[in-house]
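This report concerns only the one structure given below.
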Amino acid sequence: MVLYNLPYVAVVVLTIIGLGTIVLKQNLIKIFLGIMILESAVNLFLVSLGYREGGIAPIYTNAPDRVMVLPTPQALTLTSIVIGVATTALLLSFAIIIWKKYGSIEIGFLRRLKE
Amino acid sequence: MRMSKIVRTGACILYPLIIIFGLYVVVHGHLTPGGGFQGGAVIATAAALVLVAFSHEEIAGMVRKAFLSAQESLGLLLFIGAGILGLLAGAPFFANILANSGLLFGLPVPPGPNPGDLNTAGVIPVMNIAVGVEVWGGLAIILVYLFSATGGERT
Amino acid sequence: MKKVLVAAIFLVWAAGLCTIPLFLSFGDPAATDMDTYFIRTGQAAAAANNIVTSIVFDFRGFDTLGESVVLFTAVTGVALMFRARKEGEEHEDE
């Protein structure tokens, strides 16, 4: 049963790794890496929700005559990936600005962010 | 920081190949896996390769940020213009009026699995190209800005 | 003390999360009416072989418009951040 649900197990592992990185780490770059891993978990969850048993990709170009997987979760995952790239670019720019201003990206060091 | 001659020559050889592959992914977005966002990201990888292989001072003379920014804005305007095309024809916004019309990209497709024809799908290839241009410019200008920011001293 | 509390809450949450795969079934989605409709009629309606692209750019065009605007806004934000920093450095130094 668990082995059959292997993609969902991978989603759970990725979620635990990502949120654990966000909660337990102090470095801003590592926190951003945790956010990216969490995004990957969400994307994998969306795509594996739309899988049908023995399905092929929903593209009719030279397709074999078999059942197709659900196309809507894949389209929404595409949206999610692009927005993830945009937010990651903004987060990394914030990290560069903070490093130039304070000389450190350890959140324990950045006292002025806490108040 | 300057890479060795092997890396720079390899980047010069790979750069046009990556761009051609990205353009293929963009243009064939309605036939094969791919599309505007994916192909634009592939082309932006070429920009990242050149930025890594050469030093930032060499690249800063070659690349104009205003040009990349204008390219990104042009892509978004082209995308919205492809949506307004439906309004001009009396259909709703984002209506696919070019499909099955016999005009540009207007051939009908046979039902079921078929080999695929590039001249189909109506307004979708136009939007693919627009989004590809936008993502190309946007990701390339993000990379250029990040590289130019990490090069300097801390203030 | 605070770190121990955070770690304990995190462990309990992770253990709860580990039970989720027991309740889901992979390869058998529950509601497929909309996607079946798209697969059946999407090829003729949008005249495109790739159903995912026809959903992204035709059936859900407004979604993609918002996505493009988000990307544009992020790029504008990055550009403004570094550009303001460069020009402001001369008269912002203390």
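Letters go in sequence order (proteins before strands), and every chain restarts at 1. This is a predicted model, so every value here is computed, not measured.
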Self-check item: Atom group of A:Pro58 that falls short of 4.5 Å from chain C, counting heavy atoms
Solution: both
Exercise. Pick whichever of A:Ser48, A:Ala89, A:Pro73 has the most heavy-atom pairs under 4.5 Å with chain C.
Key: A:Ser48
Exercise. Decide yes or no on side chain to side chain contact (heavy atoms under 4.5 Å, CB included) for C:Trp13 and A:Thr15, but give the supporting numbers first.
Key: CA-CA 11 Å; C:Trp13 172 82; A:Thr15 312; 3.9 Å; yes
Exercise. Locate the shortest heavy-atom distance separating A:Leu78 from C:Glu67; write the atom from each residue and the value.
Key: O-OE2, 3.7 Å
Self-check item: Residue pair A:Leu90, C:Met81: steps toward the side chain to side chain contact (heavy atoms under 4.5 Å, CB included) verdict
Solution: CA-CA 9 Å; A:Leu90 265 184; C:Met81 222 182 292; 3.8 Å; yes
Quiz item: Should the pair C:Phe26 and A:Tyr8 be assigned to parallel (<30°), tilted (30 to 60°) or perpendicular (>60°) ring geometry?
Solution: perpendicular
Self-check item: Contact origin within A:Ile16 toward chain C - heavy atom pairs under 4.5 Å
Solution: both
Exercise. For A:Gln74 and C:Ile55, run side chain to side chain contact (heavy atoms under 4.5 Å, CB included): C-alpha distance rounded to whole Å, both residues' side-chain angles, the deciding distance at 0.1 Å, then the answer.
Key: CA-CA 10 Å; A:Gln74 300 195 5; C:Ile55 286 178; over 6 Å; no
Exercise. Report, as yes or no, whether the 6.0 Å neighbourhood of atom CE on A:Met36 holds more than 12 heavy atoms from other residues, nucleotides or ligands.
Key: no
Quiz item: With respect to chain C, which residue among A:Pro7, A:Ala86, A:Gly55 yields the maximal number of heavy-atom pairs within a distance under 4.5 Å?
Solution: A:Pro7
Quiz item: Hey, mind stepping through C:Phe59 and A:Thr72 against side chain to side chain contact (heavy atoms under 4.5 Å, CB included) and telling me if it holds?
Solution: CA-CA 10 Å; C:Phe59 293 104; A:Thr72 315; over 6 Å; no
Quiz prompt | Closest heavy-atom pair and its distance - C:Phe38, A:Pro71 | solution = CB-CG, 4.4 Å
Quiz prompt | Partner chain C: residue of A:Thr79, A:Thr87, A:Leu24, A:Val12 with the largest heavy-atom pair count (under 4.5 Å) | solution = A:Thr79
Quiz item: Should the heavy atoms of other residues, nucleotides or ligands under 6.0 Å from OH of C:Tyr37 be counted, would the total exceed 12?
Solution: no
Quiz item: C:Ile39, C:Asp63, C:Val56, C:Val70: which one forms the most heavy-atom pairs within less than 4.5 Å of chain A?
Solution: C:Ile39
Self-check item: Under 4.5 Å from any heavy atom of chain C - which part of A:Leu92
Solution: neither
Exercise. Side-chain contact test, heavy atoms from C-beta onward, threshold under 4.5 Å: evaluate it for C:Ser68 versus A:Val82 and give yes or no.
Key: no
Quiz item: Measuring heavy-atom distances to chain A, does C:Thr36 have an atom under 4.5 Å in its side chain, in its backbone, in both, or in neither?
Solution: side chain
Exercise. Pick one of side chain, backbone, both or neither for C:Val78, based on which atoms fall under 4.5 Å of a heavy atom in chain A.
Key: both
Self-check item: Top of A:Leu49, A:Val69, A:Leu70, A:Ile96 for chain C proximity - count of heavy-atom pairs under 4.5 angstrom
Solution: A:Leu70
Quiz item: Which region of A:Val13, side chain (C-beta onward) or backbone (N, CA, C, O), has a non-hydrogen atom less than 4.5 Å from a non-hydrogen atom of chain C, or is it both or neither?
Solution: neither
Practice problem: Side-chain contact test, heavy atoms from C-beta onward, threshold under 4.5 Å: evaluate it for C:Ile51 versus A:Ile59 and give yes or no. | Solution: no
Self-check item: Donor-acceptor under 3.5 Å (C:Asn49 side chain, A:Tyr60 main chain)
Solution: no
Quiz item: Do A:Thr61 and C:Asn50 touch side chain to side chain, with heavy atoms closer than 4.5 Å?
Solution: no
